[in-house]
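Source: prediction; values computed, not measured. Every chain is numbered from 1 and lettered A, B, ... according to where its sequence line falls, protein lines coming before strand lines. The basis for the numbers below is simple: all heavy atoms, side chains too, and nothing from hydrogens, waters or symmetry mates.
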Protein chains: 2
Amino acid sequence: MEKEVTIYDIAKQLNLSPATVSRALNDHPSINSNTKELITAKAAELGYRSNAFASNLRRQRTNTIGVIVPRLNSHFVSSVLSGMEKVANERGYNLIISQSQESVKKEKASAKTMFNGRVDGLLVSLAYDTEELDHLDVFIKKGIPLLFFDRVSTHTKATSVVIDNVKAGYDATAHLIEQGCQRIMHVTGNLKRNVYTDRLKGYKLALIDHNLPYDESLLMITDMSREAGIDVAQQISNMYNKPDGLFITNDLCAVSCMAALKKESFRIPQDIAVVGFNDDPVAQVIEPNLTTIHYPGEEMGEIAAQSLINHLNGLVNIQTTNTIVLHFELVVRESSVRTTG
Amino acid sequence: MEKEVTIYDIAKQLNLSPATVSRALNDHPSINSNTKELITAKAAELGYRSNAFASNLRRQRTNTIGVIVPRLNSHFVSSVLSGMEKVANERGYNLIISQSQESVKKEKASAKTMFNGRVDGLLVSLAYDTEELDHLDVFIKKGIPLLFFDRVSTHTKATSVVIDNVKAGYDATAHLIEQGCQRIMHVTGNLKRNVYTDRLKGYKLALIDHNLPYDESLLMITDMSREAGIDVAQQISNMYNKPDGLFITNDLCAVSCMAALKKESFRIPQDIAVVGFNDDPVAQVIEPNLTTIHYPGEEMGEIAAQSLINHLNGLVNIQTTNTIVLHFELVVRESSVRTTG
DNA sequence: TTGTAAGCGTTATCAG
DNA sequence: CTGATAACGCTTACAA
């Protein structure tokens with residue numbers, strides 16, 4: 001295990017001061033281009049690698065961004081992370097990723113780790129049941145920029161990157177109505193989370209705009225799991241006045257529900273038309289293919305990381321752009337299209 | 001933005017030396033339990049947080065583990081990462097995650113970042129076409145432990161966590177043979193990667209053991225994408241002597257292939273029985289449900305992280321346990337089961 | 001059990 | 001354009 005090369009070694013060998021070496025290695029403007037060349041050459045020759053800790057310690061920043069997500073193993077989340085990683089990497093930042101596993105407790109622990117790890121900024125998508133945001137206040141107090149994405153906070157005034165969930169909910173519902181559905185069931189998640197409340201709002205608005213009544217018995221709050229999907233199918237099957245449309249705000253849940261409905265010999269979309277949310281790969285596998293809201297995960301990740309980094313570099317003040325809203329798209333597939341109304 | 005509290009502040013307020021404070025905060029054995037209590041109390045009171053950089057700089061270790069994966073947005077990979085994150089988090093390590101996007105070039109860049117980031121150890125799953133491993137040699141030279149998982153290196157002598165891909169390939173193929181298949185097509189990925197060569201070996205062995213000929217025209221090397229799946233279906237459809245069994249080493253690819261075959265009115269499993277690999281969520285959505293090899297992603301991540309951390313803490317020497325082989329399971333579903341042989 | 005003091009490798013400030 | 005020097009906050013011999 002060879003000894004680490006430092007700027008002192010380079011300096012000594014070239015009869016320069018460490019300060020000059022440091023400057024050369026950091027593209028400082030006021031440095032002679034010849035000396036710079038010499039230094040970079042020597043650095044390469046000696047196999048020098050910069051010591052990030054020393055640098056961080058001195059500069060009081062880490063070039064590290066913390067990311068807290070509800071869970072890692074979801075198609076949407078991993079797309080987001082992929083986008084974040086791309087951008088962060090390009091711009092010389094590292095990502096420290098942590099999952100809350102949908103639990104506030106774990107989310108708090110993650111936040112603490114990030115805080116102690118002195119991340120330069122934090123990207124957060126909230127857990128299922130987070131209410132208080134005290135664990136994130138410390139960041140704000142310390143002036144560490146905080147940016148929410150997807151599952152954002154409605155209380156804290158932090159920048160967030162989202163889609164227009166109200167409109168998405170509206171579009172999904174309106175689409176079902178246009179297909180002739182009159183009784184549309186809405187299956188969604190914990191209403192503490194903006195994504196679910198907003199989609200519900202959209203659902204209600206679409207009903208109103210099309211002169212359909214809002215029937216509370218057609219709203220189901222679930223944990224959006226596959227089991228929940230099966231459960232929903234069961235309940236529908238037991239209903240006297242069955243729905244003829246189904247808007248489920250998660251494709252995985254929607255797909256398991258469809259499979260269960262099919263077992264009960266419901267015809268999709270004739271008996272019941274279905275719309276999901278996320279455009280997960282399963283949407284194109286289930287038969288009939290699932291109509292869903294396409295939701296730009298990778299792009300969301302890129303933009304979130306981009307914004308945070310721009311802010312960190314003083315290019316843009318994150319506080320001024322308070323919410324970034326991305327486009328989404330209703331992708332119509334067979335699960336919802338009725339040939340006749 | 002308040003000033004950071006340091007051990008000096010604590011020391012001053014308690015009339016102690018910073019050394020004592022440091023020791024107390026690190027559970028040093030030779031420290032008076034009373035003073036220790038005093039110190040921890042004061043630390044809490046002042047909102048002290050340890051500065052990892054100063055500590056790292058001093059101790060020459062980072063408590064950070066680097067992870068390089070081919071891509072982030074795959075079900076399998078995100079399960080692995082989820083497992084790694086759990087373990088790392090429990091044991092006080094951070095994860096720096098980077099994706100090679102299946103390109104050697106990007107993989108090299110990632111390795112360099114990790115190297116400069118002075119990770120304590122590295123967990124790697126190789127990109128599609130990586131051949132030379134020079135970019136990883138630097139870690140070995142520096143004595144930084146390197147552990148491969150899933151897509152491992154056959155050359156470098158580093159610990160790896162895998163499943164027995166030969167056996168998995170064998171089991172999948174044997175299962176098809178037991179279902180009466182005589183001409184089994186094998187669709188797989190770049191043979192530079194152990195996972196694919198080994199599965200091919202298993203395929204060949206199963207054929208031999210069951211007295212079936214190995215027909216090179218039934219081997220297809222693809223990029224395992226969905227498009228590849230469609231392409232395979234097309235080719236099968238154009239073949240004169242069609243296969244009656246299909247072993248595709250990736251569920252996503254298998255599923256798109258099945259969908260395409262169904263469009264060409266192949267009956268699955270009657271005309272062609274299909275086995276996939278990975279047990280991706282889509283396997284349980286496609287109809288008929290896909291028989292596949294279940295592959296413990298989360299567990300693989302946990303074990304990989306566990307082993308590396310144990311090694312870092314001197315509990316186990318990683319060099320002694322050279323390969324950790326996990327169990328897999330052939331999950332039989334409808335896509336391969338023929339009522340009569 | 002506690003204190004002293006050196007040093008980890010950078011970078012920012014100031015001076016030249 | 002370059003150099004000297006003082007931090008950054010922590011750990012660890014060594015000494016007391």
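Within 4.0 Å of Ser30(B), counting heavy atoms only, lies at least one base atom of the nucleic acid. Residue Tyr8(B) is in base contact, counting any heavy-atom pair closer than 4.0 Å across all strands shown. Contact annotation for Thr6(A): backbone-only contact, meaning every heavy-atom pair under 4.0 Å involves sugar-phosphate atoms and none involves a base. Within the nucleic acid shown, Ile7(A) comes within 4.0 Å of at least one base atom, counting heavy atoms only. Backbone-only contact: Asn26(B) has heavy atoms under 4.0 Å from sugar-phosphate atoms and none from a base.
We find that CZ of Arg58(A) is positioned 12 Å from P of dA6(D), with the value rounded to whole Å. Straight-line distance from the CD1 atom of Ile10(B) to the P atom of dT2(C): 15 Å, rounded to whole Å. Put simply, CG on Asn15(B) is 11 Å from P on dT4(C), counting in whole angstrom units. Per the geometry, CZ belonging to Arg59(B) stands 23 Å off P belonging to dA6(C), to the nearest Å. Whole-Å rounding puts the Leu57(B) CG to dG7(C) C1' distance at 9 Å. Summarising the geometry, the separation between CD on Gln60(A) and C1' on dA12(C) is reported as 12 Å, rounded to the nearest angstrom. Taking atom CG of Leu16(B) as the reference point, atom C1' of dG3(C) lies 10 Å away to the nearest angstrom. dC8(D) atom P lies 19 Å from atom CZ of Arg61(A), rounded to whole Å.
Of the possible polar contacts, one joining the Asn32(B) side chain to the Asn34(B) backbone as a donor-acceptor pair under 3.5 Å is found. Looking only at distances, no side-chain donor or acceptor of Ser55(B) sits under 3.5 Å from a matching main-chain atom of Asn51(B). With hydrogens and angles ignored, the 3.5 Å screen pairs no side-chain donor or acceptor of Thr130(B) with any backbone N or O of Leu126(B).
The residue among Asn51(B) and His28(A) whose nearest nucleotide of DNA chain D is located toward the 5' end is His28(A).
Contact record, Arg151(A) with Tyr128(A): NH1-N, 3.5 Å, taken as the closest heavy-atom pair. Taking all atoms of both residues into account, the shortest heavy-atom contact from Ser78(B) to Leu72(B) is CB-O, 4.1 Å. Between Met84(A) and Ala304(A), the shortest heavy-atom contact is CE-CB, 4.1 Å.
Side-chain to base pairing of Arg23(A) with dG3(D): one donor and one acceptor N or O lie within less than 3.5 Å of each other.
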Test log, rule salt bridge (Lys or Arg N to Asp or Glu O under 4.0 Å), inputs Lys36(B) and Asp27(B): CA-CA 8 Å; Lys36(B) 185 173 157 185; Asp27(B) 288 322; 2.7 Å; yes

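OP1 or OP2 of dG3(D) has at least one side-chain nitrogen or oxygen of Thr20(A) nearer than 4.0 Å. For the OP1/OP2 pair of dT10(C) and a distance below 4.0 Å, the side-chain nitrogens and oxygens of Ser22(A) include no atom meeting the criterion. In terms of phosphate contacts, Ser55(A) brings a side-chain nitrogen or oxygen within less than 4.0 Å of OP1 or OP2 of dT11(C).
Remark: Arg118(B) is not positioned above the aromatic ring of Phe53(A), lacking an NZ or CZ atom under 6.0 angstrom from the ring centre and at most 45 degrees off the axis.
Ring planes of Phe115(B) and Phe139(B): perpendicular class, angle over 60° (limits at 30 and 60°).
Contact check of residues 36-45 of chain B against DNA chain C (heavy atom, cut-off under 4.0 Å) returns no residues at all.
None of Lys108(A), Glu107(A), Lys112(A) except one satisfies the side chain to side chain donor-acceptor pair (under 3.5 Å) rule with His135(A); the exception is Glu107(A).
End-to-end axis angle for the helix from dT1(C)-dA16(D) to dG16(C)-dC1(D), using five pairs per end and rounding to 10°, comes out at 30°.
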